[in-house]
Amino acid sequence: MNTFNMIYDVVKKIPKGKVATYGQVAALAGNRRWARVVGYALHANPDPENIPCYRVVTKDGKPSNAFVFGGINEQIKLLEKDGIEFKDGVVDMEKYQWDTPMI
DNA sequence: CAGTTGACGGCCC
DNA sequence: GGGGCCGCCAACT
């Protein structure tokens, strides 16, 4: 169970129609300070089919400025397909942020 | 082995 | 309100 593995596990548990912030994923993975590591882990993304990295956004509810898995537009498209509403490129965190009971 | 960087977050100026 | 800096851990060079 590496740090990466825990992070991936958390990301994979993000329910459809919800999004999580990097910090939140890090907190769920075990440490809040892993925010950067989470970013790195998702960048590595060894299994994109099971790791919906597009559901992980910054605290602002915006996708990372270096999202390069197909383009920002593609990420927004995928999120909207999940039922997540985008407004001016940002998600309504109050409504769509993953409500984790374990945090 | 040591130094630097990195899909971030939070605080300070 | 906006911009910049520091800090955290792990991976990469």
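Letters go in sequence order (proteins before strands), and every chain restarts at 1.
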Item to check | Out of C/dC9, B/dC8, C/dC12, whichever nucleotide has its closest atom nearest the side chain of A/Ser64 | outcome: B/dC8

Next on the checklist: So, does A/Arg32 get its side chain near the phosphate of C/dG7, meaning an N or O under 4.0 Å from OP1 or OP2?
Outcome noted: no

Item to check | Candidate nucleotides C/dC8, C/dA11, B/dG10, ranked by approach to the side chain of A/Arg33 - the nearest | outcome: C/dC8

Item to check | Nucleotide B/dA7, atom C1' - distance to CD1 of A/Ile7 in whole Å | outcome: 12 Å

Checklist entry - Rounded to the Å, how far apart are A/Met6 CE and C/dA11 P? => result 11 Å

Next on the checklist: What is the distance, to the nearest angstrom, from the CG atom on A/Asp60 to the P atom on B/dC8?
Outcome noted: 11 Å

Checklist outcome for this item: note: A/Ile51, atom CD1; B/dA7, atom C1'; distance rounded to Å ~ 13 Å

Checklist entry - Under 3.5 Å, is there a donor-acceptor pair linking the side chains of A/Asn5 and A/Asn2? => result no

Checklist entry - Taking the side chain of A/Ala35 as its heavy atoms from C-beta onward, which of C/dA10, B/dG9, B/dA7 lies nearest to it? => result B/dG9

Next on the checklist: Please report the distance, rounded to the nearest Å, between CG in A/Asn45 and P in C/dA10.
Outcome noted: 20 Å

Checklist outcome for this item: Only one of A/Glu94, A/Lys95, A/Met93 passes side-chain contact (heavy atoms from CB on, under 4.5 Å) with A/Val91, and that residue is A/Met93

Checklist entry - Relative to the 5' end of DNA chain C, which residue comes earlier, A/Arg36 or A/Asn2, by the nucleotide with the nearest heavy atom? => result A/Arg36

Checklist entry - Does a side-chain N-to-carboxylate-O contact under 4.0 Å join A/Asp99 and A/Lys18? => result no

Checklist entry - Starting at OH of A/Tyr22 and ending at C1' of C/dA10, how long is that distance when rounded to a whole Å? => result 16 Å

Checklist entry - Starting at the 5' end of DNA chain B and moving along, which residue's nearest nucleotide shows up first, A/Ala44 or A/Lys59? => result A/Ala44

Item to check | Within 6.0 Å of NZ in A/Lys77, more than 12 heavy atoms from elsewhere | outcome: no

Item to check | Rounded interatomic separation in angstrom, taking NE2 from A/His43 and C1' from B/dA7 | outcome: 8 Å

Checklist entry - What is the distance from CG of A/Asn31 to C1' of C/dG7, rounded to the nearest Å? => result 14 Å

Item to check | Check: A/Trp34 and A/Tyr22 side chains under 4.5 Å, non-hydrogen atoms | outcome: no

Item to check | Residue A/Phe4, side-chain atoms from C-beta onward, closest of C/dA11, B/dA7, B/dG9 | outcome: C/dA11

